[in-house]
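Quick note on labels: first sequence line is chain A, next is B, and so on, each numbered from 1.
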Amino acid sequence: MPTYFPKRIEPKWQQYWLENKTFRAVDGDSRPKYYILDMFPYPSGDGLHVGHPEGYTATDILARYRRMKGFNVLHPMGWDAFGLPAEQYAVETGTHPRITTERNINTFRRQIQSLGFSYDWDREVNTTDPGYVHWTQWIFLNLYNTWYDEAADRGRPIDELPIPGDVTKAGERAIADYRNEHRLAYIAHAPVNWCAALGTVLANEEVINGVSERGGHPVTRLPMRQWMLRITTYAERLINDLVPLDWPEAIKEMQRNWIGRSEGAEVDFLLAEADGAEQWFADRGKSGFPKQAEEMVVRVYTTRPDTLFGATYMVLAPEHPLVDRITTAEQKEAVATYREEAAAKSDLDRTDLAKDKTGVFTGAYAINPVDKRKIPVWIADYVLMGYGTGAIMAVPAHDERDHEFATAFGLEIIPVVEPPKDAKVKEGVCFAGEGTAINSGLIDGLPTKKAKSRISDWLGEQGVGRKAVNYKLRDWLFSRQRYWGEPFPVLLDDEGNHYPVESDDLPVPLPELEDFKPTGTPEPPLSKAKDWLTVERDGKNYRRETNTMPQWAGSCWYYLRYIDPTNSGAGWDKEKENYWMPVDLYVGGAEHAVLHLLYARFWHKVLFDLGYVHTPEPFQQLVNQGMILGEMEFVGYRSPEGWVSLERTDGKGFLKGAKTALEAVSLSNDQVKKEGSDFVLAEDPTIKVDARSYKMSKSRGNVINPDHVVDEYGADALRLYEMFMGPLEATKPWSMKGVEGVWRFLNRVWRVIVDDRSEEMALLPAVVDAEPSRDELRVLHQTIRGVGDDIDAMRFNTAISKLMEFVNFLNPLEKRPKALLEPLVLMLSPFAPHMAEELWEALGHEETLAYVPWPAFDEKLCQEDEIEVVLQINNKVRSRMKAAADADDAALIAAAREDEKIVEMTSGKQVIKELVVASRKGKLVNFVVKD
RNA sequence: GCCGAAGUGGCGGAAUGGCAGACGCGCUGGAUUCAAAAUCCAGUUCAGGCAACUGAGUGUGGGUUCGAGUCCCACCUUCGGCACCA
């Protein structure tokens, strides 16, 4: 019986760990803490795919390793269970999302537990639990009750917001409105991304190229009443606080790009038809640059104030509020038509397809403040209302978009920047780089950087401009018109004023609805919950907010709930937070590089400002696991006339330059061969074929289900293979043969210790209590050192190969001392915990090995007595010799000179140099020789 | 277009500037077996040679160095992200 049989040992140990709560994290323990977090999954109906266990295995190895190293490890798991897919599925099948969600969670939990991860299951969280929703709503109320104090550079309670005197005089309503304008959670009536197919609005981040990120449905702009979160106030800190984090540079860069900070200037252009221009300029010189521009002034933002002299026209966004006021009678109709068209355009139309610039002249002119020239004011949809001031000064000589526009409409182009001599300026394209100012009055001859600061100073003195910083990041659109999400803890009165729900009344439950389908209009499904909708408070009737929160809400703070998952009096206990936070290591997919990580950091900073958490950042170290692709596939293309070589296709299954669809034929290994750097048909080497791995997808039919792998090879083999495939961060293709390879390795480990011909679980007679030899000890200690270093650096693939080498070393030994085997089992245990526990038990131990100290190594025992020295002539290996490990360089060179081959090859030649180099593998002597 | 990552055998991948290809897969040969599977042993970058060995070789072209997969410059390809953000 005791051949290696995962189906017997894996459930046995999984049950043991659960029953004994082996992996319980102890709050406030005296051991050093280590908080290691996985991005919790959205429990979809498809169940786990092999991408999930990749990150989970990596963190599990570290969690188990750290426990053996004496750490108090917090390693939890939970479910991000609100969200669109469950609800879409519910709508399609009529099953309540609570039911499908519960079912999916049960599947996910079963699958995850079948892989033997060492989670503390007492801390499992579910974002849809009322006990969890309670605190998500509580955090929302905290956002609602916070304003951002620019001076102190932090969020503060809304009660502390100073109210200006004139507001106080205007009465209660005015004070409330004033506060509402400053809350981090506020209501806006603005054009939003409405996706009719999903029946909800979407955040900017959820719209890719004008279609929804989920499902790829078209999105249109619609003005609606929405909850927004003032994330932009935290933009600067979200950028700056990235610096000390131990995150991949690429992810930091993506966040910085997303926030998109730019420095420049705001400049005011007085409209030419305004009266008293001279007076205006004089007044501005005295008063300085006002917070808000006057009625007849167009304020622009530019990153290139040095090009002001080249501004030959202005453009307002079609939605710009000034448009109505400035448009002349003759242009009224054209402008109105254009604005209607622009409003009707979806984002897709405005970006991707319509690269040709469009626009209309308003008939108005403005005065360029630097030279008092009159320049025309246009409207065009290439200027976005949501960025900067919604208006630009156009410098067609040095901005590609302005150049295109000016060319299309015959507007003047004045060069004001001389490109540096070595700059490559392409024909027909404008120069947008830095150079030297020309045709620019007071800044002539200055390099761009100096010109910028000089002109900004001048603008400041004149009161017509000032330095300014802008961000691409917009405030976060936080409401959705869907059923399956957290209700807002907010009440509305008949006038549309909003009031927070008392914290004693939390959570606001999600009402049970028979009909939770979207209404087909922007009216959310919760408006159908008649009993739930109306609330009486102090004799007055209120209506509940019917929007729900987006899926991101729950995942913004789940790492805090793990710390204190059952606390009903608070989201988490302050002392426990102080002990466990921050998360030491956070592992997950790179697809969350921007959205989830940015949102969570934002919430965390607000909580930090309010004193609820003690670190400004939640996640100290971040690692992204790479994507796992399907097995490598060979595909040949065939037309009715026969095979078509790869270079004659367009890469999308069509004949290049023609619309002929080709037949894609899956080819087996032996139907192809490699020729040079290409794969070709074996039967016709002139036909190149496609050889690559594809993303796993249902439609492609290349999805690997972890259940099947566990069923056939066991969880230990799956875990080991996922780690052995290659570096954690890399994208890599799946190979079932590879799984078989590590499974064979596990069998070899088993047979090195266990007598597989015995009926009972028994050790091999070769397993002895004897002292290991010096050589054996050396290999053991080198292995301990190497495996430990590799795990610390998360090089799991090479750690496993070192274990394989060690087993290959043990295999031929006739006597296998336990002193070699026990460390092997311990080192294997983070990777293949079930087998390790089983072997540990077989070796005579009664307790789990989860807390047995990690084997220590002795540097002295790692040393070899005798080493092999490579002898090179002109860097080519020509001979080898043995030498004592401690021989000095002179001795090595002397010995090398004696070497027969070296003597032969250096005779009659001039030896210029003799070098001794210590390398990873040993030592090397190189003779540099000249003829 | 911009930003980022990566290009090494038939495949996944190893290599603090110092013996390229560890480890695994696949393949070839052998042992074991009535036979097969499993297992074990040997070989396996390419070219030439029975062999010892010799030459070439880490996307391409240059450079630094006694020495480059690794560092520098230019380019090509693939993947990921962003894309009218003034």
Requested in this report: Would you mind telling me which residue lines up with the more 5' stretch of RNA chain B, A:Ala730 or A:Pro812, judged by nearest nucleotide?
Outcome: A:Ala730
Report task. Give A:Lys472 one of three labels, base, sugar-phosphate or nothing, depending on what nucleic acid heavy atoms sit under 4.0 Å from its own. Result -> base
Query raised in the report: Touch check for A:Lys252, heavy atoms < 4.0 angstrom, all strands: base, sugar-phosphate only, or nothing?
Result: nothing
Query - Donor/acceptor link under 3.5 angstrom from A:Asn257 side chain onto base of B:C3 - result: no
Requested in this report: Describe the nucleic acid contact of A:Gly388 in one word from base, sugar-phosphate, nothing, applying a heavy-atom distance below 4.0 Å.
Outcome: nothing
Query raised in the report: So, the side chain of A:Asp899 versus the backbone of A:Ile902: is there a donor-acceptor pair under 3.5 Å, distance only?
Result: yes
Query - Gap in Å between the two P atoms, one belonging to B:C53 and one to B:G61, rounded - result: 31 Å
Using atom names, set out every protein N or O paired with an N or O of nucleotides 38-40 of chain B below 3.5 Å, distance rounded to 0.1 Å.
unit_1	atom_1	unit_2	atom_2	d
B:U39	O3'	A:Arg751	NH2	3.4

Report summary line: Regarding the side chain of A:Pro727, the nearest nucleotide among B:C84, B:U54, B:A14 is B:A14
Report task. Indicate yes or no for a side-chain donor-acceptor contact from A:His398 to the backbone of A:Gly433 under 3.5 Å, with no hydrogens or angles considered. Result -> no
Query raised in the report: Is a donor on one side and an acceptor on the other found under 3.5 Å between the side chain of A:Lys252 and the backbone of A:Leu242?
Result: yes
Query - Separation between the P atoms of B:G62 and B:A51, rounded to whole Å - result: 34 Å
Query raised in the report: Would you find more than 12 non-hydrogen atoms of other residues, nucleotides or ligands less than 6.0 Å from A:Glu263 atom CD?
Result: no
Report task. Would you indicate which nucleotide in B:A86, B:C23, B:C19 comes nearest to any side-chain atom of A:Leu384? Result -> B:A86
Query raised in the report: B:C23 base to A:Lys802 side chain: any donor-acceptor pair below 3.5 Å?
Result: no
Requested in this report: Quick one: sort the A:Phe405 and A:Tyr382 rings into parallel, tilted or perpendicular, breaks at 30° and 60°.
Outcome: tilted
Report task. Compare side-chain N and O positions of A:Thr731 against OP1 and OP2 of B:G80 and report whether any pair is under 4.0 Å apart. Result -> no
Query raised in the report: Between A:Met393 and A:Gly922, who's closer to the 5' end of RNA chain B by nearest nucleotide?
Result: A:Gly922
Requested in this report: Could you work out which one of B:C84, B:U54, B:A86 sits closest to the side chain of A:Thr303?
Outcome: B:A86
Query raised in the report: In whole Å, what separates the C1' atom of B:G80 from that of B:A31?
Result: 50 Å
Report summary line: Given the 90°-from-0 boundary between syn and anti, B:G24 should be labelled anti
Query - Closest nucleotide among B:G24, B:C66, B:A86 to the A:Met804 side chain - result: B:G24
Report task. Would you indicate, yes or no, if B:G24 has its OP1 or OP2 atom less than 4.0 angstrom from a side-chain nitrogen or oxygen of A:Asn808? Result -> yes
Report task. May I ask you to check whether A:Thr232 and A:Tyr471 show a side-chain donor-acceptor distance below 3.5 Å? Result -> no
**Report entry** Under 3.5 Å donor-acceptor, A:Arg700 side chain and A:Lys695 backbone
**Finding:** no
Report summary line: Per atom distances to the A:Lys876 side chain, the nearest of B:G13, B:U54, B:A56 is B:A56
Requested in this report: With P as the reference atom in both, quote the distance from B:U54 to B:A20 in angstrom, rounded to an integer.
Outcome: 13 Å
**Report entry** Atom P, compared across B:U70 and B:U8: separation rounded to whole Å
**Finding:** 13 Å
Query - A:Arg304 (side chain) donor-acceptor with A:Thr302 (main chain) under 3.5 angstrom - result: no
Report task. For the side chain of A:Leu924, starting at C-beta, report the closest nucleotide among B:C84, B:A15, B:G18. Result -> B:G18
Query raised in the report: Of all the choices, B:G18, B:C82, B:C19, which nucleotide is nearest to the side chain of A:Ser919 once you look at every atom?
Result: B:G18
Query - Minimum-distance nucleotide to A:Tyr387 side chain [options: B:C19, B:A86, B:C11] - result: B:A86
Pick out the pairs of N or O atoms, protein on one side and nucleotides 20-22 of chain B on the other, that lie under 3.5 Å.
unit_1	atom_1	unit_2	atom_2	d
B:A22	O2'	A:Glu805	OE2	3.2

Query raised in the report: Taking the P atom of each, how far is B:U28 from B:G67, in whole Å?
Result: 43 Å
Requested in this report: From the options B:C3, B:G55, B:C11, select the nucleotide whose nearest atom is closest to the side chain of A:Arg878.
Outcome: B:G55
Query raised in the report: What's the closest nucleotide to the A:Trp258 side chain, out of B:G55, B:C82, B:U16?
Result: B:C82
Report task. Indicate yes or no: at least one non-hydrogen side-chain atom of A:Pro6 is less than 4.5 angstrom from one of A:Asp716. Result -> no
Query raised in the report: Is a donor on one side and an acceptor on the other found under 3.5 Å between the side chain of A:Gln872 and the backbone of A:Val925?
Result: no
Requested in this report: Determine the Euclidean distance between corresponding P atoms of B:A15 and B:C23; express it in Å to zero decimal places.
Outcome: 13 Å
Requested in this report: Nearest 0.5 Å please: distance from the CD1 atom of A:Ile379 over to the CD atom of A:Glu319.
Outcome: 9.0 Å
Query raised in the report: Heavy-atom distance under 4.5 Å between the side chains of A:Arg880 and A:Leu871, does that happen here?
Result: no
Query - Rounded P spacing from B:G7 to B:G17 in Å - result: 15 Å
Which pairs, protein N/O on one side and nucleotides 68-73 of chain B N/O on the other, fall under 3.5 Å?
none

**Report entry** Test: A:Glu633 and A:Arg692 ion pair at under 4.0 Å
**Finding:** no
Distance-only donor-acceptor pairs under 3.5 Å for side chains of residues 717-734 of chain A, two or more places apart:
unit_1	atom_1	unit_2	atom_2	d
A:Arg719	NE	A:Phe831	O	3.0
A:Arg719	NH1	A:Asp60	OD2	3.0
A:Arg719	NH1	A:Leu115	O	3.1
A:Arg719	NH1	A:Gly116	O	3.2
A:Arg719	NH2	A:Asp60	OD2	2.8
A:Arg719	NH2	A:Pro830	O	2.8
A:Tyr721	OH	A:Ser735	N	3.0
A:Glu722	OE1	A:Glu54	N	3.1
A:Lys732	NZ	A:Glu54	OE2	2.5
A:Lys732	NZ	A:Pro727	O	3.0
A:Lys732	NZ	A:Leu728	O	3.2
A:Lys732	NZ	A:Ala730	O	2.6

Query raised in the report: Any side-chain hydrogen bond (donor to acceptor under 3.5 Å, both in side chains) pairs touching residues 788-804 of chain A, not counting sequence neighbours?
Result: A:Tyr65-A:Asp792, A:Asp790-A:Arg795, A:Asp790-A:Thr798, A:Asp790-A:Lys802
Report summary line: Parsed dot-bracket for RNA chain B after applying the Watson-Crick and G-U rules with both distances under 3.5 Å and | for other-strand partners is (((((((..(((.....[....)))((((((.......))))))((((....))))..(((((..]....))))))))))))....
Query raised in the report: So does A:Asp268 pair up with A:Arg299, basic N to acidic O under 4.0 Å?
Result: yes
